[in-house]
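All remarks here apply to the structure that follows.
The sequence lines fix the lettering, A, B, ..., with proteins before strands; numbering per chain opens at 1. Computed from a prediction, not measured in an experiment: that's the story for all the values here.
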Amino acid sequence: MFLFTTHRHTTRELLNALRGGGAACPSSALHLYSQFRLRLRPSDPSHLAWRAAVVTLRPLTAASSLPLISHFHGHLLRSNLLAYPQIASSLLRSYSLLSPPSAHQLFDQIPPATRNTYVLNVMLSSLCRSSDLDSARAFFDDIPDKDIVCWSTMLACYFSRGRLADGFAFFRSVTFTTDIAVDDVMLATLLTACTSAGLLPPFCRAIHGYAIRYAIPPSMHLGTALIDGYTKAGRLDYATRVFALVPHRNVIHWTAMICGMASHLCNNEAVQLFEEMCQRRVQPNEMTFTGALRACVNAGLVEKGRDFFKLMVDRYCLEPDIHHYGCMVDLYAKAGLLEDAYEVIKNMKVEPNVIIWTSLLTACKEFKNFEIAVEGIEKALALGISDENTGLYMLITDLYAMGGRWDGVIKIRRLMQEHNVWKNRGLSSIKVDKPQGLSSAAPS
DNA sequence: TTAGGGTTAG
């Protein structure tokens with residue numbers, strides 16, 4: 001925290017305070033910035049002015065404060081700071097995250113001389129997020145000097161729209177028709193797309209092989225994408241090896257590894273890794289706790305799970321979300337502690353969803369506890385019936401039958417009939433030669 | 001010293 005003293009701070013000191021997180025909240029950032037502007041002299045180097053404005057925008061954007069950003073935009077216009085590409089790209093990015101139409105308006109007002117590669121890339125990224133793919137592609141085609149960021153942005157756009165074949169064709173065109181050197185970010189983009197499309201493990205190994213061949217280190221995002229890819233491909237051994245090789249492991253690397261271990265039922269290893277992470281003073285986030293709690297659920301470690309949940313709230317001041325409550329309900333329910341599970345649901349700060357009710361009611365069926373089941377059923381029915389929760393309705397039917405409540409069975413059957421929803425038969429398939437989503441045409 | 005990309009519950 002930056003403290004104001006009787007000492008008259010120089011512009012450099014104020015800039016360092018802004019940059020060093022001395023202004024985590026928007027109001028203190030704007031206060032520091034106004035102090036900075038008061039001290040700024042014509043003799044100061046011009047880069048001080050735009051740097052201060054750039055770092056002031058960060059907390060405003062992090063707080064998603066559109067009114068403050070608009071207010072700051074006014075100041076930037078009046079002080080002619082928007083002529084700096086650094087400011088233009090920062091402001092454009094802030095708007096594109098919070099209000100894409102405002103970003104597009106701003107872009108039209110940026111003079112062509114200011115529209116450098118950074119500005120164009122932010123605009124492309126904004127179009128990729130908020131407009132149709134063809135508009136983004138048209139904008140991409142018009143960019144004169146495309147760099148790796150530009151190509152990566154467009155590549156991610158294809159994948160995020162589910163256009164796998166076009167994305168792979170696009171990647172091929174990067175490698176075969178340009179001199180662009182593929183980097184770790186582009187490989188991470190490619191790998192993430194393969195992981196979500198289930199094109200593993202050969203693709204994961206191929207991309208990893210490419211990274212090794214071209215000496216691209218598994219740093220940051222590529223490290224996470226590899227860990228996640230290998231764990232989802234069932235290769236915990238490779239994931240562990242990559243994890244060990246990541247130079248500066250951050251919370252996301254640890255989380256990907258912990259979640260990967262938990263999903264493969266290496267529960268004790270996941271719990272150990274989580275504890276090691278805390279010992280090394282790496283701050284866990286909400287997702288890390290989901291992984292750690294899931295390991296406790298799988299292993300039936302009720303006490304440990306309870307401790308982790310308490311640790312999350314008390315020590316790390318994290319607000320539990322639906323995933324954490326879901327784990328806690330499951331933790332107690334699977335151990336037969338149905339009262340505790342139901343208590344979690346009653347005290348939740350978010351509405352329970354179909355997963356939570358299914359978790360509780362499945363345990364009610366297993367442990368033949370009709371009392372809690374009846375209470376739960378009443379509330380679960382409030383979710384309403386849809387194609388997504390027919391499983392829950394079937395479970396409720398079973399529970400009514402178990403309690404001899406045939407009127408309930410008839411009621412649910414009638415509801416399902418009225419809404420024309422039926423439980424689908426279990427079905428699973430494996431594509432062997434041609435993975436799904438690879439059938440569309442290559443881009444022009 | 002302004003741009004792209006990564007991790008969660010039945």
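Nucleic acid contact for A:Leu226: none, since no nucleic acid atom lies under 4.0 Å from a heavy atom of the residue. Within 4.0 Å (heavy atoms only), A:Met220 reaches at least one base atom of the nucleic acid. If you check every strand for non-hydrogen atoms under 4.0 Å, A:Ile148 touches a base. If you check every strand for non-hydrogen atoms under 4.0 Å, A:His324 touches nothing. Residue A:Arg129 is out of contact with every strand shown, counting any heavy-atom pair closer than 4.0 Å. A:Lys146 comes within 4.0 angstrom of no nucleic acid atom, judged by non-hydrogen atoms across all strands. Across all strands shown, A:Ser359 has no heavy atoms under 4.0 Å from either base or sugar-phosphate atoms.
One N or O donor and one acceptor, one from the side chain of A:Thr290 and one from the base of B:dT8, sit under 3.5 Å apart. Evaluation of atom-type donor-acceptor distances gives a pair under 3.5 Å for the side chain of A:Asp183 against the base of B:dG4.
If you take CE of A:Met348 and P of B:dG10, they are 15 Å apart, rounded to a whole angstrom. Put simply, NE2 on A:His47 is 13 Å from P on B:dT2, counting in whole angstrom units. The CG-C1' distance, from A:Leu120 to B:dA3, rounds to 10 Å in whole Å. Between A:Leu222 atom CG and B:dG6 atom C1' the separation is 9 Å, expressed in whole Å. Atom-to-atom, CG of A:Leu155 to P of B:dG5 comes out at 11 Å; the value is rounded to the nearest Å. Look at CG on A:Asn116: it is 17 Å from P on B:dT1, rounded to the nearest Å. Taking atom CG of residue A:Leu81 and atom P of nucleotide B:dT2, one finds them 15 Å apart after rounding to whole Å. Regarding A:Asp321, its CG atom lies at a distance of 13 Å from the P atom of B:dT8, rounded to whole Å.
Comparing B:dA3, B:dT2, B:dT7 by their nearest atom to the side chain of A:Arg93 picks out B:dA3. Of the candidates B:dA9, B:dG4, B:dA3, B:dA9 carries the atom nearest the A:Ile356 side chain, counting heavy atoms from C-beta on. Each of B:dG4, B:dT8, B:dT1 was ranked by its minimum atom distance to the side chain of A:Ser152; first place goes to B:dG4. Relative to the side chain of A:Thr153, the nucleotides B:dA9, B:dT2, B:dG4 differ in distance, and B:dG4 lies closest. Closest approach to the A:Thr255 side chain among B:dT7, B:dG5, B:dT2 is made by B:dT7 (side chain taken as heavy atoms from C-beta onward). Nearest nucleotide to the A:Val185 side chain, out of B:dG10, B:dG5, B:dG6: B:dG5. Among B:dT2, B:dG6, B:dG10, the nucleotide with an atom closest to any side-chain atom of A:Thr224 is B:dG6. Among B:dG10, B:dG4, B:dT7, the nucleotide with an atom closest to any side-chain atom of A:Lys334 is B:dG10. Here the nucleotide nearest the side chain of A:Val122, chosen from B:dG5, B:dA3, B:dT2, is B:dA3. The side chain of A:Ala156 lies closest to B:dG5 when the candidates are B:dG6, B:dG10, B:dG5.
Around the NE2 atom of A:His71, the shell of radius 6.0 Å holds no more than 12 heavy atoms that belong to other residues, nucleotides or ligands.
Centroid-to-centroid, the aromatic rings of A:His75 and A:Phe72 come within less than 6.0 Å. Less than 6.0 angstrom separates the ring centroid of A:Phe289 from the ring centroid of A:Phe274. Ring centroids of A:Phe243 and A:Trp254 are separated by less than 6.0 Å, placing the two rings close together.
At a cut-off of 3.5 Å, with distance as the only test, a side-chain donor of A:Arg129 or A:Ser96 sits close to an acceptor on the other residue.
Salt bridge A:Arg137/A:Asp141: present, at least one basic N to carboxylate O contact under 4.0 Å.
Checking each of A:Phe140, A:Phe176, A:Phe159 against A:Phe170 for a ring pair (Phe, Tyr, Trp, His ring centres under 6.0 Å) leaves exactly one that passes, namely A:Phe140.
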